[in-house]
Amino acid sequence: PVNVKKICCIGAGYVGGPTCAVIALKCPQIQVTIVDLNQSRIDAWNSPDFSLPIYEPGLVEVVKQARGRNLFFSTDVDKAINESDLIFVSVNTPTKKTGVGAGFGADLHYVESATRRIAAVATSSKIVVEKSTVPCRTAESMRTILESNCRPGCHFDILSNPEFLAEGTAINDLFKPDRVLIGSLQTPEGKNASAALAGVYGNWVPKERVLTVGLWSSELSKLAANAMLAQRISSINALSAICEATGANIDEVSHAVGFDSRIGPKFLKASVGFGGSCFQKDILNLVYLSESLHLPEVAAYWRQVVDMNEYQKSRFSRSVVETLFNTITGKHIAVLGFAFKADTGDTRETAAVTLIRNFLAERAYVTVYDPKVEVSQMWQDLTEACPDWTLEQLQKYVTIVHDPIEACKDKEAVVIATEWKEFLEIDWQTVYNHMSKPAFVFDGRLLVDAEKLRKIGFKVKVIGRGERV
Ligand code: NAD
Ligand code: UDX
């Protein structure tokens, strides 16, 4: 196999940045250059005070150790492509917004332009690695593009190496992955390329955790893993509705069910609905793939996971309205948390936006607090989510503050949308003293101690609990 000395990563986002920073840290003998077309993103990665473009616990420490040593960030895509032996394609693959497959299929045009760029500028043979999450058989399209456009004498091996990191725990996930998956053609060249990439991971990942499989299995496994993880959440959220209607407690049900070693305890936490840039996108991608393969029953099966998630968000919003005496018009609601999960500043597909949009539809006033999300990001997300509202109208109904206690002051209700630990440490007695009465707390994350809050005087509604408010 090729001895990889120089790596280029195209795409300096949530995946390319942390993944290749960790490769640089763990492989000091390899030069890693992460490139992106977005100048301000690259400037942030290069910023002298390490104000990196994404927030991820432990990331700054990794970049501090490797940047300038064997880790570089640049907008000179062509140079980095040309110098490298191995290229990760780690660009975004969002759900298509228009055209064939709109709303379901993956928009592959970023992958295609990166691939075309590689073909256009490479003057020597390369291993090209799909890091982005893509539909099954995308590697074949990449091969065709590369082979039809490359310079004579250049040979490309294509690998699939999907990324399984979760935001908020990315560095730990990269340091100690459950597995690294490498897909290749089962030809001698394909297996050689696969061994070269396995050699890179071999610098810190135990051999038995590096799985080498066929290309199509690797591509499909990524969609499958996300679909099955999301399916667990939708299953538990579906049960949370039964709990609320019967008096059962979803935490007790999750605990009891998860004790079965065949099921296991992880990823069974009921919530206001899953968010993040991956789950919904990848399931819709799988649905679209199934439909294009003329497998409508398979498509409908996975579709239901997303439908259940939408139902959970609207069910939660409705229960807020019903509990607040069937009207929230003109009422003041604090929303604690805006990120799609704790320990990230990422807001893509966050349930918080859906809740706020639903509250605004009832003409409630909303005050938002999140410890990590940029204020400008919140306004951008809300304007996109409420296309019928002007920014001026939105700003009349929505206030963004920098302190959770201030967010709750004079409000009728507090809605917990993200499971930030700091919400546990809030002085709830002070919050209660300053709220309108009766003071309601709606816990969409099973975060707070409901009994303790009730003792203070709050009326508390927790997702998946059918107890009195
Ligand atoms: P992102 O939007 O944060 O980053 C992608 C970057 O690629 C952007 O900065 C963009 O400017 C850049 N880019 C696009 N086209 C380019 C081109 N032709 N040349 C150079 N740069 C280009 O996206 P992300 O969250 O890092 O996701 C990347 C891929 O990884 C997606 O396919 C996603 O599904 C997958 N993935 C994401 C996660 C996650 O937690 N975010 C986890 C696993 C897999
Ligand atoms: C996910 C996958 O976990 C990761 O392997 C893949 O590479 C990318 O997609 P991510 O979206 O970053 O990662 O975060 P994850 O921890 O999976 O959470 C996704 C959403 O599900 C969040 O909104 C989270 O709050 C929610 N969730 C998670 C639940 O509601 N209940 C749970 O039990 C777990």
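In listed order, ligands and their atoms are each counted from 1. In what follows, residues are counted from 1 in the order of the sequence shown.
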Under a 4.0 Å threshold between the charged nitrogen and the carboxylate oxygen, would [Y] count as salt-bridged to [X]?
X: Arg465; Y: Asp251; result: yes
X: Glu425; Y: Lys421; result: no
X: Arg315; Y: Glu244; result: yes
X: Arg137; Y: Glu140; result: yes

How far is [atom] from its nearest protein heavy atom, and which residue and atom name does that atom have?
atom: atom 14 (C) of ligand 1; value: Asn92 OD1, 3.3 Å
atom: atom 44 (C) of ligand 1; value: Thr133 OG1, 3.5 Å
atom: atom 39 (C) of ligand 1; value: Glu167 OE2, 3.4 Å
atom: atom 6 (C) of ligand 1; value: Asp36 OD2, 3.5 Å
atom: atom 43 (C) of ligand 1; value: Glu163 O, 3.2 Å
atom: atom 32 (O) of ligand 1; value: Thr93 OG1, 2.5 Å
atom: atom 1 (P) of ligand 1; value: Arg41 NH1, 3.6 Å

inquiry  = Using 30° and 60° as the class boundaries, would you call the ring planes of Phe440 and Phe442 parallel, tilted or perpendicular?
reply    =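 Taking Phe442 first and then Phe440, their aromatic rings lie parallel (interplane angle under 30°).
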
| message | Could you tell me if the side chain of Phe338 sits less than 4.5 Å from the side chain of Val353, heavy atoms only? | response |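 Yes - at least one pair of side-chain heavy atoms lies under 4.5 Å apart.
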
**Study point:** Within-4.5 Å side-chain heavy-atom neighbours: Val35 and Cys8
**Key:**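 Of all side-chain heavy-atom pairs linking Cys8 with Val35, at least one is under 4.5 Å.
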
So if I count the atoms of ligand 1 from 1 in the order they appear, which ones are less than 4.0 Å from some heavy atom of [X]?
X: Lys222; answer: 43 (C)
X: Ser90; answer: 5 (C), 28 (C)
X: Val15; answer: 26 (O), 30 (O), 36 (N), 37 (C), 38 (C), 39 (C), 42 (C), 43 (C), 44 (C)
X: Ser277; answer: 41 (N)

Where does [X] meet ligand 1, judged by heavy-atom distances below 4.0 Å: at the side chain, the backbone, both, or neither?
X: Leu37; value: both
X: Pro162; value: neither
X: Arg348; value: side chain

Step by step, would you call Asn161 with Leu197 a side chain to side chain contact (heavy atoms under 4.5 Å, CB included)? CA-CA 9 Å; Asn161 174 223; Leu197 182 57; 3.8 Å; yes

**Prompt:** Do you know which of Leu71, Leu174, Ile171 makes side chain to side chain contact (heavy atoms under 4.5 Å, CB included) with Val62?
**Reply:**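 Result for side chain to side chain contact (heavy atoms under 4.5 Å, CB included) with Val62: Ile171.
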
Once you restrict both partners to nitrogen or oxygen, which atoms of ligand 2 have a protein partner under 3.5 Å, and how far apart are they?
from     : atom 1 : to     : atom 2 : distance (Å)
ligand 2 : 5 (O)  : Phe164 : O      : 2.7
ligand 2 : 7 (O)  : Glu163 : O      : 3.3
ligand 2 : 7 (O)  : Phe164 : O      : 3.3
ligand 2 : 7 (O)  : Leu165 : O      : 2.7
ligand 2 : 7 (O)  : Lys222 : NZ     : 2.8
ligand 2 : 12 (O) : Glu167 : N      : 2.7
ligand 2 : 14 (O) : Lys341 : NZ     : 3.3
ligand 2 : 16 (O) : Lys341 : NZ     : 2.8
ligand 2 : 23 (O) : Gly275 : N      : 2.9
ligand 2 : 23 (O) : Phe340 : O      : 2.8
ligand 2 : 25 (O) : Arg445 : NH1    : 2.7
ligand 2 : 30 (O) : Ser271 : OG     : 2.6
ligand 2 : 31 (N) : Lys269 : O      : 2.8
ligand 2 : 33 (O) : Leu268 : N      : 3.4
ligand 2 : 33 (O) : Lys269 : N      : 2.9

Cationic tip of [X] within the cone over [Y]'s six-membered ring, i.e. under 6.0 Å and within 45° of the normal?
X: Lys461; Y: Phe316; answer: no
X: Lys126; Y: Phe156; answer: no
X: Arg179; Y: Phe164; answer: yes

Practice problem: Return yes or no for this condition: an N or O of Tyr14 is under 3.5 Å from an N or O of ligand 1. | Solution: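 Yes - when backbone and side-chain N and O of Tyr14 are compared with those of ligand 1, one distance drops under 3.5 Å.
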
Exercise for the section: Measure the distances from the heavy atoms of Lys281 to every atom of ligand 1 and state whether one is below 4.0 angstrom. Expected result: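 True for this residue.
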
With Phe274 as reference, evaluate Phe340, Phe267, Phe279 under the ring-ring contact (aromatic ring centres under 6.0 Å, His included) test and give the passing residue.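 Answer after filtering Phe340, Phe267, Phe279: Phe279.
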
Once salt bridge (Lys or Arg N to Asp or Glu O under 4.0 Å) is applied, do any residues pair with Arg348, and if so which ones, sequence neighbours excluded?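 In terms of salt bridge (Lys or Arg N to Asp or Glu O under 4.0 Å), with neighbours along the sequence ignored, Arg348 is linked to Glu167, Asp346.
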
Which residue from Val91, Ile34, Val35 reaches closest to atom 28 (C) of ligand 1 through any of its heavy atoms?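 The nearest heavy atom belongs to Val91.
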
